[in-house]
Asks: 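Take this structure, written in structure tokens, and hold onto it; I'll ask about it next.
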Amino acid sequence: MTYAEIYRSGREALEAAGIGEAELDARLLLEAVCHTSRNDLLVHGDREITEEQEKQYQGWIALRASHIPLQHITGVQEFMGLEFLVNEDVLIPRQDTEILVEEVLRELTDGSSILDLCTGSGCILLSLLRFSNDCVGVGSDISEKALTIARKNADRLGLHAKFLCGDLFERVEGKYDFIVSNPPYIASGEIDGLMEEVRLHEPLSALDGHEDGLFFYRRIIKECGDYLKRGGSLYLEIGWDQGNAVKAMMEGAGFHEVRVTKDYAELDRVVSGVWF
């Protein structure tokens, strides 16, 4: 079977299964199997693939057709131009979260100390360390399984970070120049309405923000003053409709220069402020 023929069969199988981005996912899975690029479909579509590649591809297509996330099949996800290991124990990094990293990088100075709460795969903290100089980073997460992935990602990227297993600040010591977090922020009642890929295959603990989705913001904002240096900054990723509420919380807690940053879709995505 040729490269183009098996791609078409994969695309059709995903379309039949109701996968929203069937064309893209079929191509990405084929590229992962054959270690090829986007151009191969256009330029080398008539080349034959091996029986082993055909078998692996068809197996992966079957998994994706059952709504298992593509990233769980390939085991990786790109974020900030870096490749991160992912599995069912961590939230898959999203492009929207790159807004949080980019906003922190605007203010991050060499040698800064960074605390990343709900670190998951470590993608936020490790990206900040990768694109800065001599910064030190600590990541905290309640899931030891998630931290296993974060440590592997640090090793793969050749970065040093300390990872702590605990509930938010539970095992954190010292004060930091920057505290960042993408905490669970989906209201419990909205979980059942999420895509099957998210609802059934990503960790509930990384999604559920309790009754109104603001539970973890209240805790972080209330407790972070003990862990921020004077003049330090707090950066929080938020849901599209939470900007005003989280901004009001931070201002009420004594933060200055509180601002809401929008994402590429012009939706509120990050709230940040300075602690004095």
Side-chain angles (χ1 to χ4, degrees), residues 1-99 120-121 123 145-146 149 153 182 184-208 237 239-240 263-265 267 269:
M1 185 173 287
T2 69
Y3 192 90
E5 287 172 342
I6 197 167
Y7 160 74
R8 283 194 294 271
S9 71
R11 183 195 66 204
E12 291 168 359
L14 296 185
E15 288 173 345
I19 301 300
E21 295 187 323
E23 184 174 340
L24 174 63
D25 287 1
R27 178 174 61 79
L28 291 176
L29 287 172
L30 185 56
E31 289 168 5
V33 167
C34 298
H35 306 289
T36 50
S37 69
R38 183 174 185 175
N39 288 335
D40 283 77
L41 186 59
L42 301 173
V43 180
H44 303 295
D46 58 347
R47 77 173 178 86
E48 295 287 327
I49 65 168
T50 67
E51 290 185 10
E52 182 179 352
Q53 289 171 335
E54 181 179 348
K55 182 178 179 179
Q56 182 180 356
Y57 183 65
Q58 290 175 340
W60 280 13
I61 286 293
L63 291 174
R64 185 69 189 100
S66 68
H67 291 268
I68 292 176
L70 180 144
Q71 296 87 347
H72 288 177
I73 299 169
T74 63
V76 295
Q77 169 67 3
E78 184 179 297
F79 181 82
M80 293 295 296
L82 306 172
E83 188 177 82
F84 288 88
L85 297 176
V86 294
N87 65 8
E88 66 278 1
D89 297 320
V90 299
L91 196 68
I92 297 169
R94 268 88 171 164
Q95 185 180 29
D96 288 338
T97 303
E98 294 185 355
I99 302 295
S121 66
C123 66
K145 289 182 177 179
I149 299 298
N153 281 322
N182 177 21
Y185 58 70
I186 299 173
S188 299
E190 297 175 3
I191 298 292
D192 286 343
L194 297 175
M195 292 174 56
E196 183 176 333
E197 284 85 344
V198 177
R199 175 170 45 87
L200 298 182
H201 297 286
E202 298 202 61
L204 181 63
S205 62
L207 299 169
D208 194 343
E237 179 172 342
W240 66 272
D263 60 22
Y264 300 119
L267 300 174
R269 184 56 58 189

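In this chain, residues are counted from 1 in sequence order.
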Asks: Test salt bridge (Lys or Arg N to Asp or Glu O under 4.0 Å) on K55 and E51 and set out the steps.
Replies: CA-CA 6 Å; K55 182 178 179 179; E51 290 185 10; over 6 Å; no
Asks: State the CD-CG distance between E237 and D263, to the nearest 0.5 angstrom.
Replies: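 So the CD of E237 and the CG of D263 are separated by 9.0 Å.
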Asks: Considering all heavy atoms of both residues, which atom of V90 and which atom of I149 are nearest to each other, and what is their separation?
Replies: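 Closest heavy-atom pair between V90 and I149: CG1-CB, 4.0 Å.
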Asks: For H72, does its backbone N or O pair with a side-chain atom of E88 as donor and acceptor, under 3.5 Å?
Replies: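 A pair under 3.5 Å: no.
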Asks: In Å and rounded to the nearest 0.5 Å, what is the CG to CD distance from L91 to Q77?
Replies: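 If I round to the nearest 0.5 Å, the distance is 10.5 Å.
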Asks: Side chains of W60 and T74, heavy atoms from C-beta outward: is any pair under 4.5 Å?
Replies: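 The answer is yes, as the side chains (C-beta and beyond) meet within the 4.5 Å cut-off.
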Asks: So, for S66 and L63, which heavy atoms are closest and what is the spacing to 0.1 Å?
Replies: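 Residues S66 and L63, closest heavy atoms: OG-O, 2.6 Å.
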Asks: Measuring from atom CG of L204 to atom CD of E202, what distance do you get when rounded to the nearest 0.5 angstrom?
Replies: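 The CD atom of E202 is 11.0 Å from CG of L204, to the nearest 0.5 Å.
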Asks: First locate atom CD of E15, then atom CZ of R8, and finally report the distance between them rounded to the nearest 0.5 Å.
Replies: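 Nearest 0.5 Å value for the CD-CZ distance: 12.5 Å.
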Asks: Indicate yes or no for a side-chain donor-acceptor contact from E54 to the backbone of I6 under 3.5 Å, with no hydrogens or angles considered.
Replies: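 Pair absent, no side-chain N/O of E54 close to backbone of I6.
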Asks: Would you say the side chain of R47 lies within less than 4.5 Å of the side chain of C34, judging by non-hydrogen atoms?
Replies: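 With C-beta onward as the side chain, the pair touches.
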Asks: For E197, which residues count as a side-chain hydrogen bond (donor to acceptor under 3.5 Å, both in side chains) partner, sequence neighbours excluded?
Replies: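 So E197 forms a side-chain hydrogen bond (donor to acceptor under 3.5 Å, both in side chains) with R64, H67.
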Asks: Starting at CD of Q71, measure out to CZ of R94 and round the result to the nearest 0.5 Å.
Replies: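 Result: 7.5 Å between the selected atoms.
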Asks: Is the shortest side-chain heavy-atom distance between V76 and L85 below 4.5 Å?
Replies: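 In short, these two side chains touch, coming nearer than 4.5 Å.
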Asks: I want to check something: taking the side chain as every heavy atom from C-beta on, are Y7 and M1 in contact at a cut-off of under 4.5 Å?
Replies: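 No - every pair of side-chain heavy atoms lies 4.5 Å or more apart.
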Asks: Taking all non-hydrogen atoms of both residues, which atom of P69 and which atom of I92 are closest, and how far apart?
Replies: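 Shortest heavy-atom contact: CB-CD1, 3.7 Å.
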Asks: Distance only, no hydrogens: is a donor on one side chain within 3.5 Å (strictly under) of an acceptor on the other, for S188 and D208?
Replies: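 On atom types as modelled, these side chains qualify, holding a pair under 3.5 Å.
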Asks: Testing the basics here: between N153 and S121, what is the closest heavy-atom pair and its distance to 0.1 Å?
Replies: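 Heavy atoms only, the tightest pair is ND2-O, 3.0 Å.
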Asks: Between Y57 and A26, is there a donor-acceptor pair closer than 3.5 Å when you use the side chain of the first and the backbone of the second?
Replies: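 Flag set: sc Y57 to bb A26 pair under 3.5 Å.
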Asks: Going from CG on L29 to CG on L70, what distance comes out if it is rounded to the nearest 0.5 angstrom?
Replies: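 Separation between the atoms: 4.5 Å.
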Asks: Can you give me the closest heavy-atom contact between A13 and I61, atom names plus distance?
Replies: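 Taking every non-hydrogen atom into account, CB-CG2, 3.7 Å.
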Asks: Considering all heavy atoms of both residues, which atom of E31 and which atom of Y3 are nearest to each other, and what is their separation?
Replies: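 Looking at all heavy atoms of both residues, the shortest contact is CG-OH, 3.8 Å.
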Asks: Please check if atom CD in E5 has more than 12 non-hydrogen atoms from other residues, nucleotides or ligands closer than 6.0 Å.
Replies: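 Atom CD in E5 is crowded, with more than 12 foreign heavy atoms closer than 6.0 Å.
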